[in-house]
Amino acid sequence: MASKARVIYWFRTDLRLHDSPALQAALDLQPECLWPIFTWDPHYVYRVQGAANRWQFLLDCQNDLSASITALNPASRLFVLREAPQTLLPKLFSAWNVTHLVFERDTDAYARARDATILAAAARAGVTVVTRSGRTLWDPDALVRANAGKPTMTMSQLQAAGRKVGPIPPPLPAPTSLPDPGAMPLEHVEDTHHHHHPPETTAGPDLNARWREGQDAGYARLAGPQGDFAVETLAELGFAPAAATTPHRGGETVALQRLDTVMADVAYAATFRKPQTSPAAFAPASTTLLSPFLHFGALSPRLFYHRALEACSRFRGAPSAPPESLTGQLLFRDMYFAAQAALGAAMAQTVGNPQVRYVPWHLPSKVEYVGGASYTIDHPQAEEWFQRWAAGTTGFPWIDALMRQLRHDGWIHHLGRHSVACFLTRGGCYIHWERGADVFAELLLDHEPACNSGNWQWLSCTAFFSQYYRCYSPVAFAQKWDRDGAFVRKWVPELQRLDKKVIHEPWKASPAELRNAGVALVDFPGVGVDMAPGTYPVRMFDFDERRRICIAGLKKAYEVGLHGDHDKVLDGTALDLFADAGEREGEMEGQELGSNAATAAAAASRPGSSSSSTAKAKKRATGPMDRYAKKQKVR
DNA sequence: TACAGGTTGTCCTA
DNA sequence: TAGGACAACCTGTA
């Protein structure tokens, strides 16, 4: 083994130089060689492949980081290597005589499994692994320990755990120099084909399987199409030039500039109250738009936190406080990360999750593909509603505007997410929150698995939040925030000239009003069929009626009181408990659901309902089932 | 057991 | 524009 340290610094989702405890740890080794590498991780590659916007943002971050590294050492850059880290790193260990591997910890279920593999390989190769926590304010595992090993399900739990763990570390400065990279021989590393083929894994959804075909050409070389380790272009990834439609650009440089701009407006930063920011504001948005940078690690949450505190200290007046303040937003992020750290893969799904309520939603995930994008179409109407929701053709202008902004820009305001999420689940369609989470996962620039799952659970009232009778109206909420309809006009140009009195409920417009606006309300032509120019669909249901049905359905589900780790959820028989209630969500006569036999059969054949999880389910089920029994007796 | 509080509802009344 | 009803959930504290 070499006497001096020869270090691989492995960038994953920490694409920055400032406040990187892991990078600092690497430099503290005073290495003879330091290779800053970014591996192509098929798990993430295939998840984002359908979303050119996210690719663009990632490439922005990589390019910016590469330039910053070169500025610190002209011989160095970000070396992008196109192979799964599980197979690549062990080969590099020996080919490059590596002594240390350094990276930032990641608590996603997939990342934990991957890193366990890497750690074992490093141990076999005699390579020392150094990791640090830098993705969150506190180390999520430390928060879990401080919360008695349980997931943090409320803000007060998170804050109490945070107090126990200790003060949030101040941000570290960016390094002023970097060691040379060593020689990077690949002769004995490189195979001839399929470096980036995905390893066998069921640890997370493969959202973009339909995009995978035809994407393999041109990446046979470990060091990229040009053989120079360069960051690829969108074209090299197989996207059309105009595929990325978002105006939002990535990179640490942009992130730090944007942070400066936000904090320069001391009054804005110090009095920020999230619930009072407008979901209809655009150019500029009412919030900071820093979340995509946090996701890709181009901005440190600790730097953001301490800069926000600094703004409060400079403000002459009463600053806002958590949970509504800017710092409060970061605390919520840590709450979801710590919940995920305790729950593991179950965080992203209902089945097996002790914290998530069972609700017999439409379009449930196929149990044998837990966490995947495969689901059971239990009701054709629900499937059509889901497709219309995802495409922004529901006939509710507010919902459609938000979904179109999401698809085009990759970002919508938090309250907009509330609005469309409530609409899809407990406040309209009664469709499984996992379907909505899948769509957000594909389209959001700032998609963070823990926060996405947690927020969908929150909005569907299956965890974190339970006041299901508070329901967002696609009309009233729109009228509150988009009084004149400017937001709808931007994203639903069909309604551009419609009077503001009816812009959020065009079904109430008179024939003359529609004629004057140059728009015709038409029956939805069908999933996959383009709307004719100058037409807009009739609303896909009566919202007030659907709200009543959904609230009744949630009431029933709360009475039944099952959670995702209950026997009946694990074996697929939970649905039976809703059979004697007539329609499981209290739907009207003549609207009964299609057969659920397929769902039940699929669930029953699930291989993984082990005895240990069953025992755990029994143990936990006592409370909810007691409650159910009591209610039954009272009746 | 009672009660207050919970980042971000809606609708009607005064 | 403010305040209460709506119908009623959870957690945390005393």
Side-chain angles (χ1 to χ4, degrees), chain A residues 147-148 150-161 163 271-281 285-288 291 308 319-336 339 354-359 396 398-399 402 412-423 425-428 451 454-483 504-505 542-563 586 623-624 627-628 630-631 634:
Chain A
N147 195 45
K150 293 177 296 188
T152 48
M153 301 305 290
T154 67
M155 178 50 70
S156 59
Q157 285 173 6
L158 181 279
Q159 288 175 304
R163 279 191 292 271
T271 64
F272 183 92
R273 300 179 74 180
K274 186 63 154 284
Q276 296 179 16
T277 58
S278 172
S286 61
T287 48
T288 67
S291 53
S320 57
E324 296 183 335
S325 62
L326 281 180
T327 53
Q329 306 312 300
L330 293 166
L331 293 177
F332 274 112
R333 185 170 174 273
D334 266 47
M335 180 184 80
Y336 289 130
Q355 298 294 333
V356 171
R357 280 182 184 279
Y358 174 78
V359 177
F396 291 93
W398 173 249
I399 300 296
L402 286 162
I412 55 178
H413 184 278
H414 188 61
L415 290 180
R417 302 181 196 197
H418 275 218
S419 208
V420 299
C422 181
F423 183 87
T425 58
R426 66 179 168 85
C451 301
N455 277 317
W456 274 95
Q457 289 160 23
W458 184 300
L459 265 299
S460 62
C461 286
T462 51
F464 297 101
F465 183 72
S466 53
Q467 290 163 274
Y468 56 77
Y469 43 87
R470 288 191 184 176
C471 187
Y472 291 87
S473 159
V475 176
F477 196 69
Q479 287 168 338
K480 173 181 177 179
W481 290 109
D482 190 32
R483 187 172 293 275
H504 296 302
E505 37 190 350
D542 180 305
F543 173 74
D544 290 328
E545 178 185 278
R546 289 301 306 176
R547 169 163 53 192
R548 281 194 300 276
I549 291 168
C550 288
I551 289 178
L554 266 290
K555 181 177 162 63
K556 171 68 176 174
Y558 269 64
E559 282 175 13
V560 171
L562 299 187
H563 288 74
R627 229 171 16 248
Y628 179 46
K630 204 160 79 181
K631 293 254 185 185
V634 169

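Just so it is clear, the structure is predicted and the values come from calculations on it, not from any experiment. Throughout, protein chains are lettered first and strands after them, A, B, ... in sequence-line order, and every chain is numbered starting at 1.
Comparing C/dA7 with B/dG6, their P atoms sit 24 Å apart, to the nearest whole Å. Across the P atoms, B/dA4 and C/dG4 are found 14 Å apart, a figure rounded to whole Å. Separation of the P atoms belonging to C/dA5 and B/dT7 is 23 Å when rounded to the nearest angstrom.
Among the protein residues, A/R547 comes within range of the sugar-phosphate backbone only, with heavy atoms under 4.0 Å from sugar or phosphate atoms but none that close to a base. Backbone-only contact: A/Q157 has heavy atoms under 4.0 Å from sugar-phosphate atoms and none from a base.
Candidate nucleotides B/dT7, C/dA8, B/dT8 were compared by shortest atom distance to the side chain of A/K555, and C/dA8 ranks first. Comparing C/dC10, B/dT8, C/dT11 by their nearest atom to the side chain of A/H414 picks out B/dT8. Checking C/dT11, C/dA8, B/dT8 against the side-chain heavy atoms of A/Y468 singles out C/dA8 as nearest. Residue A/S156 has its side chain nearest to C/dG12 when only C/dG12, B/dT8, B/dT10 are considered. Counting only heavy atoms from C-beta on, A/W458 has its side chain closest to B/dT7 among C/dT11, B/dG9, B/dT7. Residue A/K274 places its side chain closer to B/dT7 than to any other of C/dC10, B/dT10, B/dT7. Of the candidate nucleotides B/dC11, B/dT7, B/dG6, B/dC11 has the atom nearest to the side chain of A/A476. The nucleotide whose nearest atom lies closest to any side-chain atom of A/Y558 is, among B/dT10, C/dC10, B/dT8, C/dC10.
Between the A/H504 side chain and the A/D482 main chain, a donor and an acceptor come within less than 3.5 Å of each other. Side chain of A/R546 to backbone of A/G427: no donor-acceptor contact under 3.5 angstrom is found. Listed for the A/R426 side chain is no donor-acceptor partner under 3.5 Å among the backbone atoms of A/I551. Between the side chain of A/T277 and the main chain of A/T287, no donor-acceptor pair closer than 3.5 Å is present.
One can place CE of A/M153 at 11 Å from C1' of C/dC10, the figure rounded to the nearest angstrom. Note: CD (A/Q159) to C1' (C/dG12) measures 13 Å, nearest angstrom. Look at CZ on A/R470: it is 15 Å from P on C/dA7, rounded to the nearest Å. Following rounding to the nearest Å, A/Q467 (CD) and C/dC10 (C1') show an atom-to-atom distance of 7 Å. Atom C1' of nucleotide C/dT11 and atom CD of A/Q355 are separated by 12 Å, given to the nearest angstrom. We find that CH2 of A/W481 is positioned 11 Å from P of B/dT10, with the value rounded to whole Å. Per the geometry, CZ belonging to A/R548 stands 21 Å off P belonging to B/dG9, to the nearest Å. Distance A/F465 CZ to C/dC10 C1': 10 Å, rounded to the nearest Å.
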- Task: Using a 3.5 Å limit on both pairing distances, list the dot-bracket string of DNA chain B from the 5' end; Watson-Crick and G-U wobble pairs count, crossing pairs take [ ], interstrand pairs take |.
- Result: ||||||..||||||
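Taking the ring centroids of A/F396 and A/F423, they lie under the 6.0 Å cut-off. Ring pair A/Y472/A/H418: centre-to-centre distance below 6.0 Å.
Between C/dC10 and A/R357, a contact under 4.0 Å exists linking OP1 or OP2 to a side-chain N or O.
Here A/Y469 does not pack flat against the base of C/dC6, since the 5.5 angstrom centre distance and 30 degree tilt limits are not both met.
For the pair A/H414 and A/N455, the minimum side-chain heavy-atom distance is below 4.5 Å.
Ring geometry, A/W458 versus A/F465: the interplanar angle falls under 30°, so the pair is classed parallel (tilted spans 30 to 60°).
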